[in-house]
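Data block below; observations after.
Proteins get letters first, then strands, A, B, ... in listed order; numbering begins at 1 in each.
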Amino acid sequence: MSDNPDTRERGGPDEYDVADRGLVPGLASLLLFGVLAVTILNADFGTPAGLEAGDYGITHGIGFALFNIDLGAFAGSTEGFLAAFFIVAITLDVAIDGALYLAKRESDGSIVSAVGGAFSRGRKAGEGGD
Amino acid sequence: MVAPEYYLLLAAAVFCIGLFGVLTRRNALYFLMSVELMLNAANINFVAFSSYYGDLTGQVFALFVIALAAAEVAIGIGIILVLYRNFGVTDVTVPREMRW
């Protein structure tokens with residue numbers, strides 16, 4: 001498989017890249033895992049408390065926390081996240097709108113290139129487009 | 001109760017596998033999968049410490065991370081689609097300019 005983008009297999013597997021460039025990143029990853037493992041095994045995590053589910057289950061508690069509902073048995077172990085919930089909901093809306101904007105086509109089937117069109121449909125820079 | 005060390009070692013292993021993927025893979029789809037592995041390693045830590053210390057906040061945070069990961073994948077897939085339409089490949093090393 002060539003490194004030339006014009007001759008590289010489209011969307012094909014990139015085992016060549018892993019074999020060619022994987023040694024140093026692999027060693028770095030293993031080294032990081034070793035450092036993390038040593039740190040974890042030598043750490044003191046204190047006394048375990050455990051979750052007291054009370055009258056409701058843990059899933060109920062998560063739901064109560066998400067919507068700032070009376071936390072009951074979990075009152076001391078978490079807080080309300082209603083504002084964060086709305087922010088994440090808006091973020092997801094923005095994300096799906098962004099994905100549709102990036103992926104949409106015109107009714108005649110042509111592609112609307114959201115972030116530049118010089119290379120669309122095989123055209124190169126200087127052969128038209130913007 | 002399972003000792004937290006086991007969860008943390010699992011999370012560290014998943015994170016390092018994700019890091020290896022990010023450093024080596026050129027295909028944008030594999031790249032996204034590797035980022036997901038790294039995010040889920042953080043989720044394992046959140047849930048493990050939430051259970052260990054009896055605090056639900058970690059589990060709620062894990063839910064938020066899952067939601068943000070979904071948003072990231074939605075945008076990421078859109079970017080990959082544009083990349084493929086413009087360059088004919090999903091190799092993240094091919095585009096070298098922000099504008100083309």
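Between A/Ile62 atom CD1 and B/Thr57 atom OG1 the span is 10.5 Å, to the nearest 0.5 Å. Note that the CD atom of B/Gln59 and the OG1 atom of A/Thr59 stand 8.0 Å from one another [nearest 0.5 Å]. From B/Leu23, atom CG reaches atom OG of A/Ser29 across 5.5 Å, with rounding to the nearest 0.5 Å. With rounding to the nearest 0.5 angstrom, the CG atom of B/Leu56 is 12.5 Å from the NE2 atom of A/His60. Here the CD1 atom belonging to A/Ile40 is positioned 7.0 Å from the CG atom belonging to B/Asn45, to the nearest 0.5 angstrom.
No part of B/Tyr6 comes within reach of chain A, as not one of its non-hydrogen atoms sits under 4.5 angstrom from that chain. Proximity to chain A involves both the backbone and the side chain of B/Leu8, based on heavy atoms less than 4.5 angstrom apart. When heavy atoms are compared at a cutoff of 4.5 Å, A/Ala89 does not approach chain B at all.
Using a 4.5 Å heavy-atom cutoff, the side chains of B/Phe64 and A/Leu66 are in contact. The shortest distance between side-chain heavy atoms of B/Leu9 and A/Leu36 does not fall below 4.5 Å. Looking only at side-chain heavy atoms (C-beta outward), B/Leu63 and A/Phe81 stay at 4.5 Å or farther from each other.
Interface check for chain A: of the options B/Gly78, B/Ala70, B/Cys16, the most heavy-atom pairs under 4.5 Å are formed by B/Cys16.
Less than 6.0 angstrom separates the ring centroid of A/Phe45 from the ring centroid of B/Phe49.
The closest donor-acceptor contact from the side chain of B/Tyr52 to the backbone of A/Gly46 lies under 3.5 Å.
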